[in-house]
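Because the structure is a prediction, the values reported are computed rather than measured. The figures here come from the full heavy-atom set of this structure, side chains too, leaving out hydrogens, waters and symmetry mates. Starting from 1, each residue takes its place in the sequence as its number.
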Amino acid sequence: MAAALLANTLYSVGFVLEKRALTSLPEVSIRRPAKLLGLVLRSPLWIGGSLALAAGFGAQLAVYRTLPIAAAQGIFVSGLVLLVLLSARLLGEETTGRERYALGAILLALLMVVLSLKEGSDRVSRDAPYQLILLVCVPSLAAGVWLYGSAERRTRHRHRMPTTGVEYGVAVGLLYGVSSLAIKGVSSCLTSSGLGSAVVEVLRSPYPYLLLFTGAFGLVMSQAALQRCRASLIVPVCTTVTCLYTAVLGTLSFGESLPHDPLRLALRLAGTVLAVAVLLAMPKHDPAPQTPIGAKELTPS
């Protein structure tokens with residue numbers, strides 16, 4: 001529990017620091033990844049945010065060794081409250097009433113998931129067939145990259161409405177969901193006796209290579225999205241997709257059974273359905289800026 005709360009804090013601080021650094025940088029693009037990396041690596045504030053995220057990754061490894069996947073995701077998502085508070089305080093971002101209701105509903109949904117857990121009855125799995133992991137992860141990676149590319153193409157339309165970043169958040173969330181499954185797999189390999197055998201087992205598994213792919217693509221995609229959209233919206237969407245993806249597909253892939261008690265099962269399923277429904281209902285566009293009262297409209301002469 002302590003490691004999960006620490007991971008929440010580190011991830012929230014890391015995202016906010018990166019967002020603040022990106023606001024003072026020239027526009028970045030996934031079509032020029034070398035330029036993007038060159039810009040961010042010259043920013044001490046961005047490096048500090050990245051170090052916080054890396055430390056959160058380490059704390060996440062400890063969590064997956066002691067908690068079932070679904071339980072861990074429920075605790076991770078509680079960090080959304082801290083993220084929204086930090087975004088308002090340090091970035092000056094404001095959420096609309098509809099968005100605040102949506103975030104509240106997401107927290108309620110994941111509270112239902114947490115209440116469906118029972119200490120001692122939820123088994124922590126240590127293994128999953130590599131073929132099954134690849135069958136789940138490879139299509140998810142392709143879907144995430146495709147969805148991000150589609151969102152990028154829409155942003156280049158001249159008369160488009162300002163986007164909230166929901167599509168970006170879903171796309172990056174799919175990549176981070178795969179990354180989360182890979183972290184769970186690495187944590188299962190670390191239970192082997194002896195450091196040498198654990199390292200060999202990790203290298204023989206698909207997990208480090210999935211982490212390399214999601215790390216490289218997720219870094220470039222998330223930074224471009226963070227620069228264009230509000231962290232207080234895109235990160236909660238990304239986190240929700242990641243947590244739902246990991247909780248559902250991770251539970252099935254690693255063989256962690258669902259609750260047998262009807263009430264706990266209903267809470268877990270209802271919480272999952274509610275979170276997905278809220279995600280689909282979230283606004284896709286920011287309201288267009290209104291013309292100030294009394295301002296004269298320019299008309300062609």
Between Tyr11 and Phe15, how do the two ring planes meet: parallel, tilted or perpendicular, split at 30° and 60°? tilted
Tightest non-hydrogen contact, residues Leu17 and Gly49, listed as CB-CA, 3.7 Å
Please examine the side chains of Leu174 and Val145, heavy atoms only from C-beta on, and report whether any two atoms are closer than 4.5 Å. no
Check whether the side chains of Glu18 and Gln223 place a donor and an acceptor atom closer than 3.5 Å, and report yes or no. yes
How many angstroms lie between atom SG of Cys238 and atom CG of Leu226, to the nearest 0.5 angstrom? 8.5 Å
Main chain of Thr9, side chain of Ser12: is a donor-acceptor contact present, judged purely on distance under 3.5 Å? no
Under 6.0 Å from the OH atom of Tyr245, do we count more than 12 heavy atoms belonging to anything else shown? yes
Any sub-3.5 Å donor-acceptor pair from Ser180's side-chain atoms to Tyr176's backbone N or O? no
Nearest atoms (heavy-atom pairs only) where Leu175 meets Thr214: O-CG2, 3.4 Å
Is the backbone of Val202 close enough, under 3.5 Å, to the side chain of Ser205 for a donor and an acceptor to pair up by distance? yes
Using the rule that two of Ile, Leu, Val, Met, Phe, Trp, Tyr join whenever any of their side-chain heavy atoms come within less than 4.5 Å, decide whether Leu134 and Leu181 are in one cluster. no
Can you name the closest pair of heavy atoms from Cys137 and Leu210 and give their distance? SG-CD1, 4.1 Å
Can Val138 be reached from Leu249 by stepping across I, L, V, M, F, W or Y side chains whose heavy atoms are under 4.5 Å apart? no
Under 4.5 Å between side-chain heavy atoms, hopping through other hydrophobics if needed: is there a path connecting Leu37 to Leu51? yes
Quick one: closest heavy-atom pair of Ala224 and Tyr148, and the distance? CB-OH, 3.4 Å
Verdict with reasoning, Tyr207 to Ile183, per side-chain contact (heavy atoms from CB on, under 4.5 Å): CA-CA 7 Å; Tyr207 303 126; Ile183 293 172; over 6 Å; no
To the nearest 0.5 Å, tell me how far Glu167 CD sits from Ile234 CD1. 9.5 Å
Mind checking whether Phe254 and Tyr130 sit in one hydrophobic cluster, side chains of I, L, V, M, F, W, Y counted as touching below 4.5 Å? yes
Is Ile133 reachable from Leu135 through a run of I, L, V, M, F, W or Y residues, each pair having side-chain heavy atoms under 4.5 Å apart? no
So, do Lys35 and Pro26 sit near enough that their side-chain heavy atoms are less than 4.5 Å apart? no
I need the minimum non-hydrogen distance between Pro33 and Val220, along with the two atoms involved. CB-CG2, 4.1 Å
Closest approach of Trp46 and Leu219, non-hydrogen atoms and distance? CZ2-CD1, 3.6 Å
Is any side-chain heavy atom of Leu252 closer than 4.5 Å to a side-chain heavy atom of Leu132? no
Rounded distance (nearest 0.5 Å) linking atom CE of Met221 with atom CG of Leu36: 12.0 Å
Interatomic spacing from CD in Gln227 to OG in Ser24 - rounded to 0.5 Å: 9.0 Å
